[in-house]
Each structure stands twice: as C-alpha cells, then as structure tokens.
Amino acid sequence: MPKTPSKTTAKTHPARELVFGDLWEYDPAPETADPKMKKKYDLFINGEFVPAKSGKYFPTINPADETKIADIALAGANDVDAACKAAQKAFTHVWSKTSGQERGKYLYRIARLLQDHAREFAIAETLDGGKPIKESRDFDVPMAAAHFFYHAGWADKLEFLAPGRKLSPHGVVGQVIPWNFPLLMLAWKIAPALATGNCVVLKPAETTSITALKFGEICQEAGLPKGVVNIVSGAGETGAAVINHPLTTKVAFTGSTEVGKLIMRSLAGTEKKMTMELGGKAANIVFDDAPLDQAVEGIVNGIFFNQGHVCCAGSRLLVQESVADEVLAKLKRRMAVLRVGDPMDKNTDIGAINSREQLERITALVKSGVDEGAELHQSACKLPTKGFFFRPSVFANVSMSHRIAREEIFGPVLSILTFRTPEEAVEKANNTAYGLSAGVWTDKGSRILKMSTLLKAGVVWANTYNKFDPASPFGGYKESGFGREGGKQGLLDYLKIS
Amino acid sequence: MTRIHITKTPKCYVGGAFIRSESGRVTELRDSEGGFLANIPQCTRKDLRNAVEAAAKAGPGWAKRSAFNRGQILYRLAEMIEARGNELRDALVMGGAKGGDATREVTTAIDRIVHYAGWTDKYEQVLGSVNPVASAHFNFTVTEPVGIIGVIAPDASPLLALVSLILPAITSGNCVVALASTTQPYPSILLGEMLATSDLPGGVVNLLTGFRHELIPTFATHEHLRALSGVVNADDRKTLRLGAAESVKRVHLLKAEETIDWFADGRQGVEEIRALVEFKTTWHPVGA
Amino acid sequence: MPAPQTPISLRRLFDEIGTVDQVGIEERVAKHTTRSLKKKSKVFGLRLAVTMVDLTTLEGKDTPGKVASLCQKALCPHDEGDIPPTAAVCVYPSMVRHARKHVGGTQVKIASVATAFPSGQAPLKTRLAEVRAAVADGADEIDMVINRGAFLSGEFGLMQDEIAAVVEACGKATLKVILEVSELETYDNIRAASFLAMRVIRPGDFIKTSTGKTNSNATLGNNQVMLEAIRDHYLATGVPIAMKPAGGIRTAKQALHFLIAVKETLGDEWLNNRRYRFGASALLNDLVRQLEKERTGAYQAPWNFSEATEGY
C-alpha cells in the first residue's frame with residue numbers, strides 16, 4: 001500500500017492553510033429503510049422467478065463489510081436458452097403485435113413503479129454494489145426512472161427517427177451490463193429496447209444482480225407481458241451464452257474494451273447487430289482562464305463519482321502549466337472534506353470499491369504509478385477496517401507513458417499532466433485508443449467550440465463533467481465502442497432500417 | 001498506312017496520383033470476347049497501406065472544408081463524369097453490360113453523386129440534435145466523420161456500386177480507400193481519372209484494384225481504417241469482423257450472396273451517411 | 001494597509017481573481033443541502049448558529065421598547081435549555097444608545113447599520129458622520145453598504161476609497177461591508193466586489209451579502225461565492241476576513257446548510273462568531289425551537305418561540 005499522509009491538523013500545516021479538522025463532526029446518518037430484499041434470488045424468465053436448472057446459486061456480498069447479502073441463481077446455457085425462447089415467443093405472439101402507444105404505456109408504468117420503490121432500490125443498490133446511498137438515491141434510481149419515462153414517449157413516434165424509411169425491431173436483444181451502475185445501465189438498455197418493440201434477455205454483472213432481479217418484480221407489478229423482459233444472472237459464461245444464442249439477433253454490451261473485443265470476435269461469423277459501450281481514459285482539460293473552483297468540483301465529480309467506477313471518468317487531468325499548482329492545491333483542499341466510508345451513511349461521498357478483485361487492480365495500478373515515479377497524494381480520511389475501500393488518490397508529475405496515464409483504472413485515482421497550448425492539450429487528450437468522453441474548462445466560448453470539435457470523444461463536457469440525461473446520446477469513438485444510448489440517436493441502434 | 005494505336009496503361013488513383021502497384025504485378029483484363037484490353041495493377045497490402053497513409057494526410061483538410069464547399073466539389077465531380085460518361089459506358093459494355101444497362105448505370109451513378117452533393121450541408125440538420133436535458137445545460141449532438149473508411153466494392157454494377165459506397169462516406173468528410181470490383185476494375189480506373197480532374201483533393205478517395213482475397217486480411221486488421229463498408233461473402237465478412245474486433249472498428253457489410261439492386265432509391269440517402277459518422281454530444285452550462 | 005492598485009477594468013480584475021460559473025457553483029452548494037445532521041452534530045450546529053446570530057430589527061417603526069425586547073431575546077433566547085446568547089443585536093443608529101442600556105458590557109455586541117442604509121445614496125460626508133455617531137453612541141460593529149452605483153459604473157477606486165473612509169471612521173469598531181448582492185446580480189460581480197472590499201478592510205472585518213431590503217438576499221450560492229473569495233484572499237495574503245449572510249435565512253435547516261458551507265469551504269477556524277454571522281430576525285426562533293425539540297424529543301409548537309407568529 002502507498003504511504004498515507006498524516007492526519008490533517010493545524011500543527012502539521014504551515015500558516016495560511018485551512019483547517020479541516022474535527023471541531024464539528026457529522027454523526028453517522030445511516031439510511032435505515034427496509035430494502036425488502038430476499039435471501040435468495042431466482043432467475044426471471046417468462047414472467048416468473050425460477051431457479052436455475054442446475055439448482056446452483058452463488059453468493060453476493062456487501063463490499064462495504066464483506067458479508068453475504070443473498071444467494072443468486074446461476075444461469076446456465078439451458079436457462080439462457082429458456083429465456084431466449086421465452087423472449088422470442090413473447091416477441092412473436094405478443095410484443096410485436098402490441099402497438100407503440102401500448103408499449104409506451106407499459107414503460108410509463110415501469111417508470112412510475114421505479115419511483116414508487118425508489119428508496120428500496122436505492123438501498124439495495126448501495127448494499128450490493130458499495131456506492132454511496134446519496135448517489136443511488138439522488139442519481140442512479142431517479143435517472144433510471146427518467147430513462148423509462150423518456151423512452152416511453154418514443155414508442156409511438158418511432159417513424160420520426162428515419163422519415164421515409166421502414167423501421168422494424170430486431171426481435172430478441174441480448175444485453176450484458178456492468179457492475180458500476182447496475183440499475184441505471186439496465187434502464188439504459190431495456191427502455192430503448194422495449195420502446196422500439198424488441199424483447200430482452202439481460203444479464204446483470206455477477207457482483208450486482210439484485211436490483212436487476214428486483215426489476216423483474218417491477219415487470220410483474222407493471223403487468224408486462226410474460227417473456228418481454230428476462231433477467232439471467234451469472235458470470236462471464238452466462239453472458240457469453242446470452243450473446244452467442246442464435247435467437248439474440250442484436251447484442252448490446254457495456255463493459256471493458258477487453259471483453260468488448262472478445263464479444264466482437266465471438267460474433268464475427270454471425271450477422272448480429274452490436275452496440276458496444278466500452279472503456280475510457282478521458283482527458284479533463286483545464287485552461288488558465290477557467291472558473292477554477294468549479295473546475296475543481298468538476299475534477300472531483302469526474303474522478304471520484306461512484307468511486308471512479310465510471311467508464312467516462314475524467315481520469316487524466318490536463319492542466320495548463322500556469323495554473324497547475326493552484327489547481328492541485330485547490331483539489332487537495334476539496335479532497336480534505338470528501339467523506340469516505342460506509343456507503344449507507346447519507347453523508348458518505350465515496351463508498352466501497354465494488355469487489356476485492358477491483359480493489360486489487362486499483363492497488364496494483366497505483367503501485368505502478370509510484371514505481372514509475374509519479375507523485376502520489378492521498379486524502380487523509382479514516383477508512384473503515386472492514387470492506388473494500390480506497391483512498392481518493394491524485395498523482396502529480398505524470399507523463400503520457402506512465403501506465404496510470406494510459407490504462408483504465410476504474411477507481412478513485414487521478415493522474416495530472418500539464419500542457420502549455422491548446423494544441424498540446426488536444427494532442428495529449430487524443431493520444432489514446434479510447435474516445436469516450438472529455439472535459440474542457442475555459443471562460444472563452446470560441447475555445448470551447450474549437451476544443452469540442454478537435455477532441456475525439458463521443459461526449460464533451462464543457463465547464464461541467466459527468467452529466468447524463470436520457471435525452472442526451474452517450475457513447476464512444478475509437479476503442480470506446482460504437483452506437484449511442486439515449487436521445488433519438490440511441491433508438492435507431494435497436495431498429496432495422498429498410 | 002494505319003497509325004499505331006496508343007494503348008492506355010491503367011493506373012490506380014492513390015493520394016491524387018496515378019500509381020502502379022508497388023509489386024509490379026498486373027492482371028490481364030480481357031473483354032467479353034476474350035480479347036486483351038489492358039494490364040490492371042494487382043495491388044498488395046503495401047499499396048493498401050500507402051493508400052491509407054494518403055487518406056490520413058488528406059482527411060483532416062477534407063473534414064474541415066465547409067459543408068457548402070464539399071457540396072460544390074461533389075457536384076463538380078458529377079459534372080466531370082457527365083462529360084466523360086461515354087467512356088464509362090463503353091467500359092461497362094466491354095465488361096459485358098448491355099448498352100442500355102450501361103448507360104443507365106452511368107447516369108444513375110452521376111445522379112447519385114448529385115444526390116449526395118446536395119446532402120453535404122443538410123445531413124447534419126437531420127442527424128444532429130439539440131437535446132432537452134433536465135439540468136441547466138445546453139446540450140447538442142453533432143456528427144463527425146469516423147475517419148478513413150475501407151470500401152470493398154462488389155463485382156455487380158461495378159461503377160454504380162462503387163460510387164454508392166464511396167459517396168456517403170466522403171459526403172460527411174471521411175476519406176476512402178476502396179477496392180474496386182475484381183472482375184470489372186476498369187470503370188474504377190476511369191473513375192480515378194475523373195476524380196483527378198475534379199476538385200476533390202487528392203487522397204480523399206483512393207481506388208485500388210487487385211484480388212480481394214489478398215487485400216481483405218489487411219482491410220480487416222489495419223487499425224487506421226476506422227470503418228469498413230462493402231459487399232463481401234460470408235467468409236470475408238468473418239475475416240473482416242475478426243480483424244475489426246482488434247481495434248473496435250465499425251463494420252457495415254452487405255452480403256455478396258444476396259442480389260442488391262444498386263439502382264434502387266433505397267440505396268442512397270441520409271441513413272447511408274449516418275452509418276459512417278460518429279455522434280458527438282457537447283454539454284455546456286447555461287448561466288450568467 | 002495600503003490599497004493595492006485598483007484594476008482599471010473588471011476584465012483585468014477577473015484575470016487576477018478568476019470567474020465563477022453559475023451552474024457549477026449552484027451544483028456545489030446543492031451538495032451542502034444533502035448533508036444529514038443527526039444528534040450531537042445537529043445540536044452542536046444549532047447552538048453554534050445561535051451564537052452567530054446578529055439579531056436584527058431594522059424597521060421604521062422600531063421603538064426603544066422593541067429594541068429592549070430584542071436585547072432581552074439576544075441575551076437569553078429561551079428560558080430553558082441553557083441556550084447561549086446571540087453574537088449581537090443589529091439596529092439603526094438611533095437605537096444604539098437604547099440597546100446599550102440592555103446589552104452594554106455583556107458578550108452581546110451592538111451592531112448598527114450606517115452609511116444611509118440601505119441605499120447608501122447620501123453624500124459621503126453624511127454617511128461618515130452617521131458612522132461616527134453610531135460608534136460614539138456605543139456601536140461595537142458597523143454594517144455599511146457599498147456604493148453599488150460606483151461598482152456598476154466601473155468606478156472601483158471610488159468604491160474602495162469610500163470603504164476605506166468608513167474603516168477609518170469606525171475606529172475600533174468592527175466593519176461589515178454589505179455588497180447588496182441582488183443589485184450586483186451575477187456571481188462574477190459578487191466575487192469581484194468581495195475582493196475589492198477585502199483589499200481595503202482589516203483582518204476580522206466582515207463582508208456581508210445583503211441589507212435584507214431587496215427582493216433577493218442571502219442564498220447558498222452567493223454565500224459560497226463570498227466564502228471562496230475569503231478563502232482565496234486569506235491564502236494569498238494571510239488576512240482573515242469574516243462573513244455574514246443576511247436576509248432570507250429563516251429556518252434552522254437553512255442555517256445548518258450555510259454552516260456546512262463554512263465547514264467545508266473555510267474549515268474549523270471560521271466556525272465561530274468572530275468569523276461568521278447570520279443577519280436574521282426570525283431565524284433565532286426556529287433555532288431555539290429545534291434545539292428544544294432535540295432536548296425534549298418532542299416537536300414544538302411555534303408560539304413558544306416567537307412573538308411575531310400569527311398563532312395559527
């Protein structure tokens with residue numbers, strides 16, 4: 001483990017530094033509502049919860065204290081087959097005959113039901129995944145509901161997506177989603193698929209299946225026709241079975257670039273349509289004329305939001321040389337008041353790392369940064385003794401060749417590089433195989449538009465960062481994937497155009 | 001005494017210049033009666049590599065041209081082809097097309113170019129959007145060219161198919177490295193000559209001739225090619241997709257085993273342009 | 001302290017101090033409102049807020065009697081629960097001598113608005129005379145208004161010179177410089193005016209948001225802009241400036257949000273009434289009411305805590 005700086009006190013700081021001490025500590029403010037969770041979760045196939053045919057279950061743990069929360073059914077190839085057949089049947093007999101307006105009404109219902117159950121979903125999400133309750137409550141769950149609302153309205157207006165062309169659904173869509181935003185990624189996938197008239201077989205991530213399976217309960221409550229949505233939990237093999245099943249004619253994947261390439265290879269001999277939302281190593285570029293405090297807030301939001309488990313995380317900070325020291329000083333001060341700890345505490349800003357495996361990966365990459373000579377700063381907060389936690393970390397003096405500047409860390413680790421001119425900033429920002437997102441901070445309007453044009457990224461946040469909206473298309477350039485999710489652009493990826 | 005006829009040496013149009021294959025190899029092109037017509041360059045993966053380099057050089061400048069300017073250039077291209085339409089028609093006839101069909105293929109190809117010339121300053125208004133996000137931000141989505149597109153043309157409708165595959169790519173500012181029909185490469189040779197006399201900057205469209213099986217593996221794996229578009233058989237589709245996976249390339253392939261009506265209106269339009277652009281969404285706060 | 005050379009344009013000042021993005025800073029302060037305070041931390045915050053109140057009455061109908069009862073309330077906000085006195089009472093200059101009778105010699109300070117409050121539209125000579133009179137009558141603290149007209153017409157030198165003249169007129173009295181943020185309108189202007197003021201006042205003097213006499217007063221947004229200006233000024237010069245949001249803060253919950261902003265922006269050294277105040281009248285009642293709720297465990301009816309409430 002890297003060394004940690006001493007606790008922040010007045011004595012260890014030079015004069016003219018601010019004191020963020022313990023004069024007024026926040027008491028624990030745990031969220032205590034009942035997440036209404038079961039001890040055992042079965043697969044959601046054809047509108048029913050059924051055990052895996054093999055009878056196998058795997059445990060899911062709370063990454064904040066490493067205790068087991070529930071047993072999750074492990075779907076095998078035969079379960080996936082059943083799910084795909086159920087989806088195909090639902091598509092042929094029911095869903096393809098359901099009008100756009102009626103499909104939309106189901107989606108509206110689902111949106112409303114997610115709002116009704118918002119609190120329990122938020123708590124379940126935090127328990128299972130480790131993200132702060134503040135984020136699951138204020139971001140993940142409301143945004144998931146918003147996605148269903150947005151797409152609900154599209155269901156009977158699809159002809160406006162490609163005027164003059166005939167649009168038709170693919171049929172059964174196989175979807176595999178990651179563990180960083182379990183319910184939200186589900187919403188990003190299922191809402192447009194259903195709005196466009198497809199049926200779905202979705203596999204949640206192994207470590208975060210609960211909210212997806214709880215979503216099965218929402219489908220039941222909404223009266224969604226059986227088989228329109230099927231959820232099969234499991235690990236990589238289950239996902240492969242979904243993707244490779246002959247009935248899934250369209251595949252949508254969100255995850256690492258490595259697995260994305262694997263899927264592309266495995267589907268090379270098929271005619272399946274694909275949407276890939278893969279990794280990133282976004283540059284967040286701060287010019288000397290930027291509103292610096294808001295830039296720092298954007299940097300913090302960019303890299304520490306959801307413990308940095310964000311594909312579009314602003315993990316490479318490019319600061320104009322003339323303000324580099326000032327930005328680092330402001331960043332450290334801001335980090336001093338970030339609260340790391342119990343995800344269920346309403347005051348926690350940074351929760352638990354999603355899994356031991358991920359924690360080990362982050363730890364190893366941070367070690368490589370130290371070994372390669374970058375200068376590590378970590379906030380001095382106390383970490384819980386149990387569970388998977390990592391201190392918010394910032395590396396200064398990073399060069400483009402360092403591993404930490406090139407590889408996706410997927411953790412609360414920021415690398416700071418400097419630049420002198422806009423051209424140098426663009427060059428450094430684009431010097432990566434990824435191209436998901438980028439940030440630009442400057443007071444000069446024309447420069448924003450120029451930078452936005454030159455940056456090779458699917459999303460450019462100018463004077464803001466990590467903003468999402470169902471109406472706003474999201475997706476990457478280059479090895480960050482293809483296809484978009486959200487907005488009118490995202491819908492066409494779920495339709496055949498003829 | 002009859003004058004000795006000067007035969008033309010067909011060359012490929014790459015980087016705005018006319019090249020012979022670096023391999024020095026050629027394939028004999030014969031007319032439908034089996035008479036010798038010309039030696040067609042048999043391009044290699046190195047020629048493909050050079051063509052990609054040429055496209056990479058031309059790309060940024062082409063993408064930066066104003067939409068209006070790109071439209072004018074494409075329209076000029078239609079003018080140049082219209083003026084030399086008979087040559088193209090004769091080439092198609094030599095390849096076995098009936099006179100009427102050949103004429104129709106040429107005129108349709110010209111009309112197709114005119115169609116896309118008109119799209120350059122309009123597709124953005126159809127494909128892009130201003131997005132009503134819930135927060136205090138102005139959010140808009142614009143398209144950008146993907147980069148260098150690898151095009152693999154079919155043997156059928158050798159001129160029209162090639163034009164139909166190239167035009168939507170360059171309309172939005174992409175550059176193209178295209179492999180022409182293997183059985184009927186001559187129209188692409190002529191097309192290259194017409195491109196050279198149009199105002200299209202050299203390197204924006206690069207036309208190779210040669211054997212598909214020799215070049216497809218390189219089309220598949222060349223990482224600087226950011227998208228592949230074309231008509232190929234099942235084996236080639238698999239090869240191309242496997243290669244594409246290594247650098248997450250965009251792949252839009254039509255099946256060679258199916259008959260494609262290149263004359264149909266459905267083979268042109270904004271959806272063809274959409275297939276070869278990236279969408280970029282920009283956020284900015286709205287405040288004083 | 002000699003005033004640094006005044007920039008000739010706002011643009012040049014911004015080159016030096018930086019600008020503020022409205023949406024960004026409002027997102028930041030929205031996070032303050034999601035902090036959840038429980039038990040001891042809540043009681044600590046509420047009591048701290050009580051000690052920071054400048055209990056204010058600034059009305060044309062103010063009388064010695066009204067001021068007397070205000071002073072009693074400041075000294076002893078509630079007869080149960082061991083609630084500390086407020087920081088100060090804040091009155092018009094003519095009421096200073098009446099307030100002095102009740103709180104003179106106690107830890108409750110007498111603050112007086114002066115300088116032709118709230119408009120400031122009187123000759124400088126008149127404004128300074130008013131300050132001197134209030135101090136002579138026993139004011140410990142003077143709340144002045146800046147010359148917004150000067151600021152908005154770009155006469156920053158004039159604006160600063162007037163503040164400097166008031167500083168001199170204050171003598172030993174602490175000065176609070178009211179920017180009247182609603183008339184400055186933008187966060188950029190608030191930041192600029194904060195810096196212009198801070199450069200001519202003394203360590204421990206205040207910058208203050210509002211008179212409470214316009215339609216928009218202290219908000220978490222303009223509070224944050226000013227806290228960040230204070231932070232940047234302190235880190236650059238070592239001069240600690242104090243802060244007073246005023247007007248519009250009526251509930252204990254709001255006050256806690258403002259204090260969270262202080263804790264997370266300026267840190268522990270500003271969590272006291274030498275460095276932070278609330279200009280408020282109704283707020284004290286709600287603070288006391290919430291403290292009583294914490295002490296007794298029962299939600300409290302409003303009429304035990306306020307003379308002004310309608311009794312519904």
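Proteins get letters first, then strands, A, B, ... in listed order; numbering begins at 1 in each. Keep in mind that what you see is a predicted model, and the values were worked out from it rather than measured.
When heavy atoms are compared at a cutoff of 4.5 Å, A:Phe468 approaches chain B solely by way of its backbone atoms N, CA, C and O. Interface remark: A:Lys467 contributes backbone and side-chain atoms alike to the contact with chain B (heavy atom separation under 4.5 Å). With a threshold of 4.5 angstrom between heavy atoms, B:Arg226 approaches chain A through side-chain atoms but not through N, CA, C or O. Neither the backbone nor the side chain of A:Ile263 has a heavy atom closer than 4.5 Å to any heavy atom of chain B.
By the neighbour-count criterion of 12 heavy atoms within 6.0 Å, atom OH of B:Tyr75 is sparsely surrounded, having that number or fewer from other residues, nucleotides or ligands. Atom NZ of A:Lys450 has 12 or fewer heavy atoms from other residues, nucleotides or ligands within 6.0 Å. Within 6.0 Å of NZ on B:Lys46 lie no more than 12 heavy atoms contributed by other residues, nucleotides or ligands. Within a 6.0 Å sphere centred on CD of B:Glu257, heavy atoms belonging to other residues, nucleotides or ligands number more than 12. More than 12 heavy atoms of other shown residues, nucleotides or ligands fall within 6.0 angstrom of atom NZ in A:Lys428. When the shell of 6.0 Å around NZ of A:Lys157 is examined, it contains more than 12 heavy atoms from other residues, nucleotides or ligands. Atom CD of A:Glu159 has more than 12 neighbouring heavy atoms from other residues, nucleotides or ligands inside a 6.0 Å radius.
Atom OG1 in A:Thr453 sits 10.5 Å away from atom NZ in B:Lys64 (nearest 0.5 Å). The distance from atom OG1 of B:Thr282 to atom CD1 of A:Ile448, rounded to the nearest 0.5 Å, is 10.0 Å. For the atom pair B:Lys249 NZ and A:Lys478 NZ, the distance stands at 14.5 Å (nearest 0.5 Å). In this structure, B:Trp283 CH2 and A:Asp469 CG are separated by 5.0 Å, a value rounded to the nearest 0.5 Å. For the atom pair CG of A:Leu492 and CZ of B:Phe279, the computed distance is 8.0 Å after rounding to the nearest 0.5 Å. How far OG of A:Ser472 is from CG of B:Asn139: 3.5 Å, rounded to the nearest 0.5 Å.
The side-chain heavy atoms of A:Trp461 and B:His137, taken from C-beta on, include no pair separated by under 4.5 Å. A 4.5 Å side-chain heavy-atom check between A:Arg265 and B:Glu246 finds at least one atom pair inside the cut-off. Residues B:Val248 and A:Met264 have side chains in contact (heavy-atom distance under 4.5 Å, counting atoms from C-beta outward).
Ranked by heavy-atom pairs under 4.5 Å with chain B, the list A:Gly481, A:Ser437, A:Ala433 is led by A:Gly481. Listed options A:Ile497, A:Val459, A:Val460 were ranked by heavy-atom pairs under 4.5 angstrom with chain B; first place goes to A:Val460. Ranked by heavy-atom pairs under 4.5 Å with chain B, the first of A:Thr270, A:Leu262, A:Leu267, A:Val440 is A:Thr270. The greatest number of non-hydrogen atom pairs below 4.5 Å with chain A, out of B:Val126, B:Val146, B:Val133, B:Leu240, is found for B:Val133. Among B:Ala234, B:Gly269, B:Ser247, the residue making the largest number of heavy-atom pairs under 4.5 Å with chain A is B:Ser247. Interface summary for chain B: among A:Ser266, A:Gly269, A:Pro473, the most heavy-atom pairs under 4.5 angstrom belong to A:Pro473. Contact tally against chain A (heavy-atom pairs below 4.5 Å) for B:Pro60, B:Ala244, B:Pro132: the top residue is B:Pro132. When A:Ala457, A:Ala146, A:Gly435, A:Gly164 are compared by the number of non-hydrogen pairs under 4.5 Å with chain B, A:Ala457 comes out ahead.
One finds a salt bridge joining A:Arg165 and B:Glu272 here, because a Lys/Arg side-chain nitrogen approaches an Asp/Glu carboxylate oxygen to under 4.0 Å. Note on A:Glu271 versus B:Arg241: salt bridge recorded, some NZ/NE/NH1/NH2 to OD/OE distance being below 4.0 Å. Look at A:Lys456 and B:Glu278 and you find no salt bridge, because none of the NZ, NE, NH1 or NH2 atoms lies under 4.0 Å from a carboxylate O.
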Next on the checklist: Run the side-chain hydrogen bond (donor to acceptor under 3.5 Å, both in side chains) test on A:Gln489 and B:Thr141 for me, step by step, so that the C-alpha distance in whole Å, both residues' side-chain angles and the decisive distance to 0.1 Å come before the verdict.
Outcome noted: CA-CA 9 Å; A:Gln489 288 82 1; B:Thr141 301; 4.5 Å; no
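Contact between B:Glu271 and A:Ala162 at its shortest, heavy atoms only, is OE2-CB, 3.4 Å. Of all the heavy atoms in A:Leu161 and B:Arg274, the pair that sits closest is O-NH2, 3.6 Å. Summarising the geometry of A:Ala462 relative to B:Pro285, their closest heavy-atom pair is O-CD, 3.1 Å, with the distance given to 0.1 Å.
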